[in-house]
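In each ligand, atom 1 is the first atom listed, and ligand 1 is the first ligand listed. Note: hydrogens, waters and symmetry copies are ignored here, and every other heavy atom, side chains too, is used.
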Amino acid sequence: MSKNKILIIGAHGQIGTVLTKELQEIYGLDAVVASDLKPKSGFSGVFEILDGTDFESLQAIVQKHEIKQIYHLAAILSARGEQAPLDTWEINMKLMFNVFEVARLNQVGKVFFPSSIAVFGDEASPILTPQDTFLNPATVYGMSKASGENWAQYYFTKYGIDIRSIRYPGIIGYQSLPGGGTTDYAVEIYHKAINGEDFSCFLKKDTQLPMIFMDDAIRATIEIMEAPIESISVRTSYNMASMSFTPEEIADSIKEIYPDFKIEYHPDYRQEIASKWPQSIDDSKAQEDWNWKAQYDLKSMTAIMLEKLEDKNKI
Ligand code: NAD
Ligand code: SER
């Protein structure tokens with residue numbers, strides 16, 4: 001049995017789907033326990049049904065598999081969260097406390113807790129938003145992440161739980177679909193393009209947001225988790241940057257490959273969420289501490305997204 005068994009909570013989500021496979025490849029199929037609310041057909045590996053808001057179920061799985069690391073990916077994201085603010089707060093905070101407490105009580109050495117650009121609000125400088133700045137999130141999702149960052153630092157300082165965190169930008173990948181975020185448009189647009197359909201964008205054409213290609217996001221997650229403990233100086237969450245673009249710019253990058261692709265703009269409530277988020281991020285601290293460096297830009301990401309989605313369509 002592996003000495004360092006890993007539990008992934010929210011393993012069937014947009015990030016979990018890809019991260020689970022990568023961790024299975026690195027550590028072996030038996031070393032990774034995937035969990036989510038429901039099973040998913042076609043999944044191979046160890047799987048447990050888990051509602052992470054249920055402390056006893058979570059603890060039973062951690063004890064059964066002698067878990068030593070947790071990747072806590074379950075959350076209600078920004079756009080969906082605004083449909084039910086109090087429930088979102090309840091769920092996101094309950095999940096976070098359960099994971100941190102289970103880690104404290106069961107000698108789980110390391111935890112990954114993703115944060116988000118949603119922790120920033122209109123008091124932060126939107127261009128190259130600094131690592132340390134005033135946080136006034138405008139969504140319940142952002143409030144739960146900002147609070148979670150402080151709790152992560154508290155559990156590290158008070159109990160020595162090695163919780164590591166990244167403020168992910170919007171994540172774009174071909175492997176899985178996003179669930180309820182404001183940056184989801186930047187995934188859906190590629191699906192429309194390869195199906196020969198026009199795209200109706202829920203953001204204005206000049207709304208610039210920080211984004212990252214899935215491969216870079218997964219590599220960053222594994223790199224921060226594997227970094228020596230003495231190199232982790234930020235115990236709230238690290239800013240992380242890759243690329244920034246507007247809906248018009250991503251559409252133009254698609255038109256270079258599909259010249260007939262068309263986009264229309266019909267901003268809805270998600271525009272208000274996006275307009276309070278940073279346009280670009282200063283991630284120099286992550287670069288300094290654990291050598292973070294993104295590899296993909298908009299052009300290279302678009303080429304891969306379209307190629308991989310076309311291949312999937314042929315199957
Ligand atoms: P997602 O919504 O695609 O996946 C979340 C998964 O968690 C789903 O499979 C869902 O079934 C599961 N889940 C929900 N409630 C649960 C519960 N009570 N118990 C167990 N599982 C539950 O989200 P994602 O995009 O994969 O994001 C993963 C994490 O990364 C989240 O914490 C999110 O806030 C963070 N994040 C994501 C992005 C992004 O662009 N995708 C950006 C910043 C931060
Ligand atoms: N991509 C996420 C969202 O849009 C940000 O955390 O909700």
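Geometrically, ligand 1 and Ala74 share no nitrogen or oxygen pair separated by less than 3.5 Å. Looking at ligand 1, you'll find an N or O of Ile171 within less than 3.5 Å of one of its N or O atoms.
The shortest heavy-atom distance from Phe113 to ligand 1 is not under 4.0 Å.
Under a 4.0 Å criterion applied to the non-hydrogen atoms of Gly52, ligand 1 contributes the atoms 17 (C), 18 (N), 19 (N), 20 (C). Near Tyr141, meaning under 4.0 Å from one of its heavy atoms, ligand 1 places the atoms 33 (C), 34 (O), 35 (C), 36 (N), 43 (C), 44 (C). Less than 4.0 angstrom separates some heavy atom of His12 from each of these atoms of ligand 1: 9 (O). Here is the list of ligand 1 atoms found below 4.0 Å of a heavy atom in Gly10: 6 (C), 7 (O), 12 (C).
With Ser116, Pro169, Ser57 as candidates, the residue nearest to atom 42 (C) of ligand 1 on a non-hydrogen basis is Pro169. Comparing heavy-atom distances from atom 18 (N) of ligand 1 across Thr183, Asp51, Leu73, Asn98 singles out Asp51 as nearest. In this comparison of Leu177, Ile166, Asp36, Val187, the heavy atom closest to atom 12 (C) of ligand 1 sits on Asp36.
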Between ligand 2 and the protein, find all N/O pairs closer than 3.5 Å and give the distance for each.
{"unit_1": "ligand 2", "atom_1": "1 (N)", "unit_2": "Thr183", "atom_2": "OG1", "d": "2.7"}
{"unit_1": "ligand 2", "atom_1": "4 (O)", "unit_2": "Ser78", "atom_2": "OG", "d": "3.3"}
{"unit_1": "ligand 2", "atom_1": "4 (O)", "unit_2": "Thr182", "atom_2": "N", "d": "2.6"}
{"unit_1": "ligand 2", "atom_1": "4 (O)", "unit_2": "Thr183", "atom_2": "N", "d": "3.1"}
{"unit_1": "ligand 2", "atom_1": "4 (O)", "unit_2": "Thr183", "atom_2": "OG1", "d": "3.4"}
{"unit_1": "ligand 2", "atom_1": "6 (O)", "unit_2": "Ser116", "atom_2": "OG", "d": "2.6"}
{"unit_1": "ligand 2", "atom_1": "6 (O)", "unit_2": "Tyr141", "atom_2": "OH", "d": "2.7"}
{"unit_1": "ligand 2", "atom_1": "7 (O)", "unit_2": "Ser78", "atom_2": "N", "d": "3.2"}
{"unit_1": "ligand 2", "atom_1": "7 (O)", "unit_2": "Ser78", "atom_2": "OG", "d": "2.6"}

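In this structure, CG on Leu50 lies 4.5 Å from CD1 on Ile61, to the nearest 0.5 angstrom.
Phe261 places none of its side-chain heavy atoms less than 4.5 Å from the side chain of Glu256.
Remark: Arg235 qualifies as a cation-pi partner of Phe156 under the 6.0 Å distance and 45° angle criteria applied to the six-membered ring.
Glu272 has a carboxylate O that lies under 4.0 Å from a charged side-chain N of Lys276, or vice versa, which qualifies the two as a salt bridge.
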